[in-house]
Structure formats: structure tokens, C-alpha cells
Protein chains: 2
Amino acid sequence: MSEGRAAPVYSGENLLFLTDEQLRQGIEAMFFAYRGFTADPDRILADQSYGRAHHRAIHFINRAPGTTVNNLLAILGVTKQSLNRVLRALIADGLVESRVGNVDKRERHLYLTEDGRALESRLSDAQRARMRAAYRVAGPEAVAGFRQVLEAMMDTDMRRAYVRLRDGTP
Amino acid sequence: MSEGRAAPVYSGENLLFLTDEQLRQGIEAMFFAYRGFTADPDRILADQSYGRAHHRAIHFINRAPGTTVNNLLAILGVTKQSLNRVLRALIADGLVESRVGNVDKRERHLYLTEDGRALESRLSDAQRARMRAAYRVAGPEAVAGFRQVLEAMMDTDMRRAYVRLRDGTP
DNA sequence: TTGGAATGTCAACAAGACTGACGTAAACTG
DNA sequence: CAGTTTACGTCAGTCTTGTTGACATTCCAA
């Protein structure tokens, strides 16, 4: 992890000698990497009148078609007013369809339209290309570690949401 | 990385069988983890009249004392006007000191004051604690992989800035 | 020495987040 | 069945943080 000083001894689950400096580097790595992570979709959306908020909504609607507004709210971690502004625009532009629930008519189930899926593809193609390139450079073991650390960094609620999406267990 | 389907064969630097699904999981991991990553400092700053932008400025001024505004601009990736608002507040509140450059009087060199360092500590203590916990859960090999993937995900400019800070080579 | 480039500041504006209040419809519950 | 809770939408107002545009100061090179 870091050269130039006496190699720290890691023993089992007792991971020691994590200097503030090492942690700080991890923090900065997160900061700079997240910028890269969002750069490509941001560029694509810059032309349109959409932003990162729209991208997030589109991503998760695509990921869990038929999800309810409340569900999306919990995943995105924003207020319903904030999400509503975004959804209103996407629905008005015909990228998202909102269907009243069959069993519970209070609920609205959200789906991407053909156009919505098209935009989603453009956005996630760009993001996946970068992720794929990074994965290739770093190698498979690094990828596994990457995922482990990220998962450990999440809040409990978010980890639950993440795992649920990952495993497709509603 | 993923169970439930035929184990993909990874061969040397030729990392294959990266399904869209696997990449998508990486993308979502980044999204959820970044939320956790910023949660603690955000909570601390919520009381004060500061936000994430102030945190970022404080972090990097602490990291590279005497840095110029232009320098900070490049690292943070915002416009100078945007940074200026943040700096103005921090200077007015006595957390940051701005000294006119000796050799080039157009430049302002930025330093944290005693109070600035105190807030920096509070913020980064919280963030480091989470990072440390995540590192401990994931283990040292995972941490190495984590850092590798993040570095590979950065834009070239950001990777340069990151390495420069990490290695302390101005 | 003068005009352009670089550095930084001030002012006005836009996006996107937030809170608070309110309304409607549907579901649940004693 | 009446009252309460839940799910969703909306209006209004505020705050943070990003943007452009205009401008002052300083440096440097033709």
C-alpha cells in the first residue's frame, strides 16, 4: 500500500499501523476518483437540460423497473420535493412513465420509456467504459478489494439497499 | 466477485468476462459508498454555516499549506468565483489566512489558522474513523485493490494531482 | 513602456438540495 | 364506519454551490 517506510505487519483481522497519512490518501483517492466517475455522464447531460439528479433517477428506475416513488426516495436519499421536480421533468419529456399501482392505488410505479432507455444506455455506456478500463488496469484481485472496501464504507441502510439491488432480492 | 454463474476465468492482464451487471454493481457501490464517505463531515458541518465545499477547501489547504488560489482551483475543479465565496467566508471567520505572495504579488498563499486546524481535525477525524473501520473490515489486500481501482478511475489531471499530494512532490 | 496574460475579487444568476404547509386519494384500524 | 395513517403531488421560500460577466491589480514580454 505504501512504500518508503518499514513494512507494517498486518495480523489477521487485527489490521494495525494504519497511519493518518495512509487514511488521508484513501480519502483523497475517493474524492478524485468520484470526480472521474461522474465526469462522462455529466458531459453528456451538459447539453440537455438535465443534471446528475436526473441521471441518478434514470439509473435506478432502469435498475428496478416498476419501483415506487417512495422506494426511489429511500435509495437516492433526497426529499420527495427534490425528486418530484426531477421526475416531473422526465415524465413531461416522455423518458419516464408513471403507472398507478394495481394493488395499492396510492403508489406510482415508474418505468423508463423507449426514449428513457436510450438515454440510460448512452449514460451508462460511458460510465461502464470507464469502470471497465479501471478494472482492467487494476486487475481482478484489486476489483474484489475495491468492492469490499466500498461496501464496508456504506451506512447500514445504504448497504442494505445496495445488496438488495445487487442480489435482485426485493 | 459474483457467485451463481460459471466462474469467469481471469488471465493475467487480460481481464475478461466483465459483464455489464458486474460493472453496474461497481457503479452502484461507488454511489452508495460516496454517500457514507461524506456523511460524517456533512453532519458536523450542518450545524455551522458551512458545507461540503468549505470542507474540501479546508482539507486541501491543510494538506498543502501555502498553496495558491489557482492551485486550489485546479485541485477542486471549480471556478475561481465559486472557490472565492468559500474562501471569503473562511477568511472572514478566521479559519484561513491569505498572504500576498512575496515573489509574485498577484498570488495569495493560503494557510489554516489555529481555529482552522481545529475544525479540520474534527472533520477529518470523523472521516478517517470511517475509513479506518472500512479498511479493518475489508483487510489489507482489499485496501490495496481499492486504491488501485480508484487511481485507475481518475482523469489524468486528477491522477497527477493525487500522486503529487500523495508523494509530497510539488 | 505598453499591451496582453495571469491572478484574484465582486455581482448576479441558475441548479438542485432543503424545510414547511397543504391537498387528495387510498388504505388501514379500532 | 369514522378517524388515522400512508403515498404522492405541489406551492412557496431558503440555502449551498455551481456558473458567467465585469473589473482591478500585477507581471511580463515585445
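Protein chains get the first letters and strands the later ones, always in sequence-line order, with residue 1 at the start of each. Because the structure is a prediction, the values reported are computed rather than measured.
Taking the six-membered ring where tryptophan is involved, the planes of A/Y135 and A/F146 are perpendicular, since the angle between them exceeds 60° and thus also 30°. In this pair, B/H55 and B/H59 present their aromatic rings perpendicular. The plane angle is above 60°, beyond the 30 to 60° band. Taking the six-membered ring where tryptophan is involved, the planes of A/Y162 and B/F32 are perpendicular, since the angle between them exceeds 60° and thus also 30°.
Within 4.0 Å (heavy atoms only), B/V100 reaches no atom of the nucleic acid at all. At a threshold of 4.0 angstrom between heavy atoms, the contacts of A/G77 are confined to the sugar-phosphate backbone, with no base atom among them.
Residue pairs meeting the salt bridge (Lys or Arg N to Asp or Glu O under 4.0 Å) criterion with at least one member in residues 27-45 of chain A, sequence neighbours excluded: A/E28-B/R63, A/D40-A/R43, A/D40-A/R130, A/D42-A/R52. Here ring-ring contact (aromatic ring centres under 6.0 Å, His included) pairs that include residues 72-123 of chain A, with residues two or more places apart or in two chains, number zero. Within the structure, salt bridge (Lys or Arg N to Asp or Glu O under 4.0 Å) contacts touching residues 64-93 of chain A (residues at least two apart or in different chains) do not occur.
Take A/Y50 and apply the ring pair (Phe, Tyr, Trp, His ring centres under 6.0 Å) test, not counting sequence neighbours, and it matches A/H54. Residues passing the side-chain hydrogen bond (donor to acceptor under 3.5 Å, both in side chains) test with A/N70, sequence neighbours excluded: none. Among residues two or more places apart in sequence or in another chain, the side-chain hydrogen bond (donor to acceptor under 3.5 Å, both in side chains) test is passed with B/Q81 by none. Annotation: side-chain hydrogen bond (donor to acceptor under 3.5 Å, both in side chains) contacts of A/E114 (sequence neighbours excluded): A/R117. The side-chain hydrogen bond (donor to acceptor under 3.5 Å, both in side chains) search around A/D167 returns none, not counting sequence neighbours.
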Under 3.5 Å between N/O atoms: give me all the protein pairs with nucleotides 28-30 of chain D, atom names plus distance.
none

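Rounding to the nearest 0.5 Å gives a distance of 13.5 Å between CD of B/E120 and CG of B/D115.
For residues 66-74 of chain A, proximity to DNA chain C is found at no residue, defined as any non-hydrogen atom under 4.0 angstrom from a strand atom. Within residues 79-96 of chain A, the residues having any heavy atom under 4.0 Å from DNA chain C are, by residue number, A/T79, A/Q81, A/S82, A/R85. A heavy-atom distance below 4.0 Å to DNA chain C is reached by these residues of residues 28-59 of chain A, ordered by number: A/G51, A/A53, A/H54, A/R56.
Rounded to an integer number of Å, the gap from B/H109 NE2 to C/dT7 C1' is 11 Å. Atom P of nucleotide C/dG8 and atom CZ of B/R108 are separated by 7 Å, given to the nearest angstrom. One atom, CZ of A/R99, and another, C1' of D/dA7, lie 19 Å apart when rounded to the nearest Å. One can place CD of B/E107 at 9 Å from C1' of C/dA6, the figure rounded to the nearest angstrom.
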Take B/D125 and B/R122, measure what salt bridge (Lys or Arg N to Asp or Glu O under 4.0 Å) needs, and give me the verdict at the end. CA-CA 5 Å; B/D125 281 355; B/R122 281 188 61 206; over 6 Å; no
